[in-house]
A.B. asks: 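Take this structure, written in structure tokens, and hold onto it; I'll ask about it next.
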Amino acid sequence: MLKTRDPEKTGLISIIHPWESGLDSLPSYDLELKDKPFFGLKVRLRFRKLLMEFKKRYSWEQEQICKYSSFRIKDVLTNSLLAFSLKNYSKVLKKLGLDDLALQYDKKSSEITQSLIKHCWNNDKQIFFDLDVRTDKFRQIEVKTVGSLTPLLLNIPAAVKNSLIKHLINPREYWLPYPIPSVAADESTFSPTEDKLLWRGPTWVNTNFLIWLGLNKQKEFEFADKIAERTLAMIKKSGFREFYNPYTGKGMGAKSFGWSTLVYLMKKSKKDS
């Protein structure tokens with residue numbers, strides 16, 4: 001998969017459909033659809049059109065799709081989770097006495113982390129952005145999303161970590177009454193009440209959980225505890241919902257949504273996390 005999904009040899013894998021990341025209508029996926037009439041309809045139609053493209057033009061051949069399809073993005077959240085997973089898998093292998101194999105996975109995790117910094121870190125904005133690789137000239141998609149913060153899960157330099165924390169606790173960006181919004185509040189695409197197109201502003205507990213893990217890894221226990229407390233307050237107010245209004249805590253989307261129970265893990269003490 002690592003080879004097939006990275007024909008550009010960046011060290012990062014591409015997603016070829018918005019559904020792959022689980023972040024269906026994230027603004028950094030807008031690309032050519034941005035600011036056009038009937039935007040919501042076109043976003044939904046693209047999901048189907050991409051599948052038809054994969055079938056009719058590329059006969060489901062993944063290598064061809066990854067090289068030429070009309071949607072190819074090096075997603076920060078996806079690659080952060082890949083590096084995080086490989087790192088933790090290496091720890092399991094080491095406990096099993098498979099030291100050589102553990103070293104291979106640990107090395108690959110570090111390589112992905114360095115590739116994220118090389119290709120997705122923006123020195124001017126001091127944050128990570130998804131990468132559009134549809135042309136030879138790679139382009140950072142300068143939209144601050146919750147995915148921009150997920151490299152906190154990894155072994156990143158202190159300066160990078162500190163910059164991400166500054167963005168996180170900025171009340172004009174992510175530090176809203178019920179953080180963490182899926183899109184920073186100062187982005188033009190931020191829509192805290194949007195419940196038809198997903199991941200365009202509301203707060204989700206599953207991504208709160210990932211940032212909470214990252215904050216604990218970075219020993220930023222105070223902010224991790226605050227995220228846990230505000231997430232719990234949000235759920236006490238509205239129950240286990242799919243996502244929430246980051247200003248009011250109002251529950252939105254599906255009811256009795258399972259992954260919002262992650263809040264119970266977030267309430268563990270920091271020494272157990």
Side-chain angles (χ1 to χ4, degrees), residues 76-92 94-95 106 109-110 112-114 116-117 120-122 125-128 144-186 202-238 240-241 243-249 257-273:
V76 173
L77 185 148
T78 299
N79 281 280
S80 294
L81 285 181
L82 177 59
F84 177 72
S85 300
L86 292 174
K87 181 73 172 180
N88 283 281
Y89 187 44
S90 74
K91 293 178 181 178
V92 173
K94 190 169 185 179
K95 287 185 178 182
D106 185 71
S109 174
S110 298
I112 294 170
T113 301
Q114 292 306 309
L116 275 167
I117 294 171
C120 297
W121 177 253
N122 188 294
K125 304 292 179 63
Q126 291 287 291
I127 199 166
F128 289 91
K144 292 177 293 184
T145 71
V146 68
S148 300
L149 304 174
T150 52
L152 286 168
L153 289 162
L154 310 176
N155 294 328
I156 52 178
V160 172
K161 183 263 289 190
N162 292 335
S163 293
L164 292 181
I165 297 297
K166 286 181 181 178
H167 284 284
L168 172 65
I169 64 174
N170 186 337
R172 294 185 300 275
E173 296 180 85
Y174 296 101
W175 207 246
L176 304 187
Y178 295 96
I180 305 162
S182 43
V183 179
D186 60 348
T203 292
W204 297 66
V205 177
N206 57 334
T207 44
N208 275 15
F209 178 69
L210 294 178
I211 303 303
W212 174 82
L213 283 176
L215 290 168
N216 278 295
K217 174 181 176 54
Q218 304 296 337
K219 302 189 184 304
E220 295 287 348
F221 301 124
E222 178 184 356
F223 298 127
D225 288 346
K226 287 181 179 179
I227 293 293
E229 290 165 5
R230 294 192 191 186
T231 302
L232 180 60
M234 183 172 69
I235 290 174
K236 283 183 175 179
K237 180 175 183 178
S238 298
F240 295 117
R241 297 297 297 269
F243 46 89
Y244 302 81
N245 185 307
Y247 288 116
T248 67
F257 214 75
W259 68 31
S260 290
T261 61
L262 286 167
V263 69
Y264 288 113
L265 295 179
M266 294 169 68
K267 286 304 294 178
K268 294 194 309 177
S269 66
K270 56 179 173 282
K271 66 176 180 294
D272 296 326
S273 61

A.B. asks: Indicate yes or no: at least one non-hydrogen side-chain atom of Lys144 is less than 4.5 angstrom from one of Leu149.
C.D. replies: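 When only atoms from C-beta onward are counted, Leu149 and Lys144 do not touch, as no gap falls below 4.5 Å.
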A.B. asks: Could you tell me how the ring of Trp175 sits relative to the ring of Phe223: parallel (under 30°), tilted (30 to 60°) or perpendicular (over 60°)?
C.D. replies: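 Plane angle over 60°, so perpendicular.
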A.B. asks: Taking all non-hydrogen atoms of both residues, which atom of Ser260 and which atom of Ile235 are closest, and how far apart?
C.D. replies: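 Of all heavy-atom pairs spanning Ser260 and Ile235, the closest is O-CD1, 3.3 Å.
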A.B. asks: Show the nearest heavy-atom pair for residues Asn216 and Ala224, with the distance to one decimal.
C.D. replies: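 Closest heavy-atom pair between Asn216 and Ala224: ND2-CB, 3.6 Å.
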A.B. asks: Roughly how far, to the nearest 0.5 Å, is the CG atom of Leu82 from the CG atom of Leu77?
C.D. replies: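 Spacing of CG (Leu77) from CG (Leu82) equals 11.5 Å.
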A.B. asks: What's the shortest heavy-atom distance between Pro157 and Ile117, and which atoms?
C.D. replies: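 So the two residues come closest at CD-CD1, 3.6 Å.
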A.B. asks: Counting only N and O atoms by type, is there a donor-acceptor contact under 3.5 Å from the side chain of Thr145 to the main-chain atoms of Ser182?
C.D. replies: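 No; zero donor-acceptor contacts below 3.5 Å.
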A.B. asks: Name the orientation class of the two ring planes belonging to Phe257 and Trp259 (parallel below 30°, tilted from 30 to 60°, perpendicular beyond 60°).
C.D. replies: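 Judged by the thresholds at 30° and 60°, the geometry between Phe257 and Trp259 is perpendicular.
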A.B. asks: At their closest point, which heavy atom of Ser109 faces which heavy atom of Ala83, and how far apart are they?
C.D. replies: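 Result for this residue pair: OG-O, 2.7 Å.
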A.B. asks: Is there side-chain contact between Val92 and Lys95, with at least one heavy-atom pair below 4.5 Å?
C.D. replies: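 They are not in side-chain contact.
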A.B. asks: Looking at Arg230 and Ile180, would you say the former's side chain and the latter's main chain have a donor-acceptor pair under 3.5 Å?
C.D. replies: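 Checked: no pair found.
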A.B. asks: What is the minimum heavy-atom distance between Ser80 and Thr150, and which atoms define it?
C.D. replies: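 Closest heavy-atom pair between Ser80 and Thr150: OG-OG1, 3.4 Å.
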A.B. asks: Nearest 0.5 Å please: distance from the CG atom of Leu213 over to the CG atom of Leu153.
C.D. replies: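 The CG atom of Leu213 sits 6.0 Å away from the CG atom of Leu153.
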A.B. asks: How close do Phe84 and Leu154 get, heavy atom to heavy atom, and via which atoms?
C.D. replies: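 Shortest heavy-atom contact: N-CD2, 3.5 Å.
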A.B. asks: Please walk me through it: do Met234 and Val205 pass side-chain contact (heavy atoms from CB on, under 4.5 Å)?
C.D. replies: CA-CA 10 Å; Met234 183 172 69; Val205 177; 4.1 Å; yes
A.B. asks: Report the distance from atom CD1 of Ile211 to atom CD of Glu220, rounding to the nearest 0.5 Å.
C.D. replies: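 One gets 12.5 Å once the value is rounded to the nearest 0.5 Å.
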A.B. asks: Determine whether Ser148 and Val76 make a side-chain contact, defined as any pair of heavy atoms from C-beta on separated by less than 4.5 Å.
C.D. replies: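 No; the side chains remain at least 4.5 Å from each other.
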A.B. asks: Can you measure from CG (Leu81) to CG (Leu86) and round to the nearest 0.5 angstrom?
C.D. replies: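 Rounded to the nearest 0.5 Å, the CG-CG separation comes out at 10.5 Å.
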A.B. asks: For Tyr178, does its backbone N or O pair with a side-chain atom of Thr203 as donor and acceptor, under 3.5 Å?
C.D. replies: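 Confirmed, Thr203 side chain pairs with Tyr178 backbone.
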A.B. asks: Measuring from Lys87:NZ to Ile112:CD1, what's the distance to the nearest 0.5 Å?
C.D. replies: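 With rounding to 0.5 Å, NZ (Lys87) is 12.0 Å from CD1 (Ile112).
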A.B. asks: Under the side-chain contact (heavy atoms from CB on, under 4.5 Å) rule, what do Lys219 and Phe221 come out as? Steps first, then yes or no, please.
C.D. replies: CA-CA 5 Å; Lys219 302 189 184 304; Phe221 301 124; 4.0 Å; yes
A.B. asks: If you round to the nearest 0.5 Å, how far is CG of Asn208 from CE of Met266?
C.D. replies: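 CG of Asn208 is found 5.0 Å from CE of Met266.
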A.B. asks: Counting C-beta onward and ignoring hydrogens, is there a side-chain heavy-atom pair between Val263 and Phe240 closer than 4.5 Å?
C.D. replies: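 Yes. Closest side-chain heavy atoms under 4.5 Å.
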A.B. asks: May I ask you to check whether over 12 heavy atoms, not counting those of Lys166, lie within 6.0 Å of atom NZ?
C.D. replies: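 Counting other residues, nucleotides and ligands, NZ of Lys166 stays at 12 neighbours or fewer.
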A.B. asks: Would you say the side chain of Leu164 lies within less than 4.5 Å of the side chain of Phe128, judging by non-hydrogen atoms?
C.D. replies: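 With C-beta onward as the side chain, the pair touches.
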A.B. asks: Backbone N or O of Thr248 within a donor-acceptor pair of the Lys237 side chain at under 3.5 Å?
C.D. replies: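 Checking the backbone N and O of Thr248 against the side chain of Lys237, a donor-acceptor pair under 3.5 Å is found.
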